[in-house]
Engineer: 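Sharing a structure, written as structure tokens. Questions coming.
As the structure is a prediction and not an experimental result, all values here were calculated from the model. Side chains included, hydrogens not; waters and symmetry mates left out as well; all remaining heavy atoms used. Both counts, for ligands and for their atoms, begin at 1 and track the order of listing.
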Amino acid sequence: MKQSRLMAAVVLSIFLFTLILSGCGGGSASKDIKIGLLNEMTGGNATFGTSSANGAKMAIKEANAKGGVLGKQIQAVIADNKSEPSESVNAMTKLVTQDKVVAVTGIFASSNAIAASSVAEASKMPFLAVGATNPKVTVDEKSGKVKDYTFRVCFIDPFQGTVGANFVLSTLKLKQAAVLIDSSSDYSKGLAAFFKEAFTKGGGSILAEESYLQKDQDFKTILTKVKALNPQVIYVPGYYEEVGKIVKQARELGITAPIIGGDGWDSPKLVEIGTAPALNNTYFTNHYSVDDTSAASKTFVEAYKKEYGQAPDALAVLGYDAANVLIDAIKRANSTEAAKIREALAATKDIAAVTGSTTLNASHDAVKSAVIIEMKDGKQMYKATVKP
Ligand code: PHE
């Protein structure tokens with residue numbers, strides 16, 4: 001009896017000791033390096049945030065298996081911004097004040113990233129945005145100055161809009177466009193403006209500009225106006241929820257023209273909402289295609305499928321890349337001090353990543369290729385890669 005109790009005590013202490021070593025015991029949590037994963041986990045853009053968090057968690061798991069960073073394990077602290085700017089402020093504040101993370105990565109929607117970055121700047125919290133492409137994410141709108149603590153691992157919309165415009169002009173060879181803008185989104189307003197600028201510069205003309213709001217359901221009024229002008233192409237730089245409905249309703253009204261969009265289209269939900277037949281003859285610019293045949297991409301896709309039982313979307317890849325860039329920066333900083341991580345992030349150069357070698361430029365943005373995707377019978381077909 002005595003012996004078995006002793007045995008139990010030994011087993012228990014070995015168990016506790018292993019927990020402490022592996023860094024996953026509650027009591028040892030303060031010894032871990034905490035990274036905040038702040039994403040759109042619920043709400044209108046939930047597929048974006050969930051993918052991004054999954055990608056980041058996989059990167060952290062891989063890093064931990066290799067011994068972590070600075071000799072410590074990394075602990076992911078998940079925060080949800082509910083796809084809203086005000087909740088992005090709350091979630092970032094919580095990560096800073098309660099969870100005391102050393103850095104934060106995440107966020108797709110530009111409006112959410114802009115909101116979260118105001119807290120990051122005020123509290124000197126290194127923040128690496130994942131898919132937020134509006135210029136105002138890293139550059140302060142009022143002063144025009146690059147923000148100190150905010151960075152991103154993706155390209156920005158002046159580039160994305162130009163890629164979309166050139167595709168319409170040179171590949172589809174169409175010159176008259178209508179543009180539908182989600183005026184509740186910084187992303188949509190910005191991308192529409194950059195598209196228009198490049199499109200008109202390249203000899204195209206904009207016949208109509210109509211706006212809608214996030215969560216709108218019925219787009220037939222604006223689509224009827226657009227149809228009357230008979231544009232050759234319609235540009236819709238929105239998010240999948242509304243885009244799906246717009247494309248479906250456009251086809252129902254008999255609009256057959258190609259419809260073009262941006263990275264906000266990239267969700268498995270797009271086809272669910274928009275339906276496969278309606279989405280034929282539509283195209284969008286994006287960060288990554290699963291058809292990417294590079295070795296890094298293949299390894300990633302395999303590992304991701306094994307972990308989550310499904311193929312990654314572009315957001316999962318960007319989330320994974322972002323976490324790796326951040327972990328690399330902490331390693332180079334050789335410290336968890338905010339100012340040092342900030343310095344290391346600013347010096348990010350030629351880091352191998354699945355979406356392409358990553359260098360952050362003077363405005364804290366990544367300069368990267370874009371891909372063009374065609375929707376065909378409900379599937380994403382890779383069309384082309386456009387270099388910066
Ligand atoms: N670029 C979009 C924004 O800034 C978000 C997004 C990124 C959506 C990547 C899908 C894929 O709001």
Engineer: Strictly below 4.0 Å, N to O, side chains only: are Lys57 and Glu307 in salt-bridge contact?
Structural biologist: no
Engineer: Minimum heavy-atom separation for Tyr240 to Ala46, with atom names?
Structural biologist: OH-N, 3.5 Å
Engineer: Tell me, which protein residue and heavy-atom name are nearest atom 5 (C) of ligand 1, and how many Å apart are they?
Structural biologist: Phe108 O, 3.2 Å
Engineer: Which residue owns the protein heavy atom closest to atom 10 (C) of ligand 1, what's the atom, and how far is it?
Structural biologist: Asp263 O, 2.9 Å
Engineer: Using a plain distance cutoff, I'd like to know if Asp157 has any nitrogen or oxygen under 3.5 Å from a nitrogen or oxygen of ligand 1.
Structural biologist: no
Engineer: Checking side chain to side chain contact (heavy atoms under 4.5 Å, CB included) for the pair Leu318/Thr355: CA distance, chi angles, key distance, verdict?
Structural biologist: CA-CA 7 Å; Leu318 278 175; Thr355 48; 3.9 Å; yes
Engineer: What atoms in ligand 1 come closer than 4.0 Å to a heavy atom of His287?
Structural biologist: 7 (C), 9 (C)
Engineer: Does any part of the side chain of Thr282, heavy atoms only, come nearer than 4.5 Å to the side chain of Arg251, both counted from C-beta?
Structural biologist: yes
Engineer: Checking contacts here: is it the side chain or the backbone of Asp266 that comes within 4.0 Å of ligand 1, counting heavy atoms only? Could be both or neither.
Structural biologist: neither
Engineer: Quick one, Ser52 and Phe108 - any side-chain contact, counting heavy atoms below 4.5 Å?
Structural biologist: yes
Engineer: Which atoms of ligand 1 are found less than 4.0 Å from any heavy atom of Ala132?
Structural biologist: 4 (O)
Engineer: Backbone, side chain, both or neither: what part of Phe48 comes under 4.0 angstrom of ligand 1, heavy atoms only?
Structural biologist: side chain
Engineer: In the protein, what heavy atom is nearest to atom 4 (O) of ligand 1, and what distance, to one decimal place, separates them?
Structural biologist: Ser110 OG, 2.4 Å
Engineer: Could you tell me whether Lys306 and Glu302 have a side-chain N and a carboxylate O separated by less than 4.0 Å?
Structural biologist: no
Engineer: Considering heavy atoms of the protein only, find what lies nearest to atom 12 (O) of ligand 1 and give residue, atom and distance to 0.1 Å.
Structural biologist: Tyr239 OH, 2.5 Å
Engineer: For Asn134, is at least one N or O under 3.5 Å away from an N or O on ligand 1?
Structural biologist: no
Engineer: Could you see which bit of Leu315 sits under 4.0 Å from ligand 1, with heavy atoms only: side chain, backbone, both or neither?
Structural biologist: side chain
Engineer: Could you tell me, atom by atom, which parts of ligand 1 come under 4.0 Å of a heavy atom of Gly264?
Structural biologist: 8 (C), 10 (C)
Engineer: Any ion pair linking Arg152 and Asp365 (charged N to carboxylate O, less than 4.0 Å)?
Structural biologist: yes
Engineer: Is it true that Asp186 and Lys136 make a salt bridge, defined as a side-chain N closer than 4.0 Å to a carboxylate O?
Structural biologist: yes
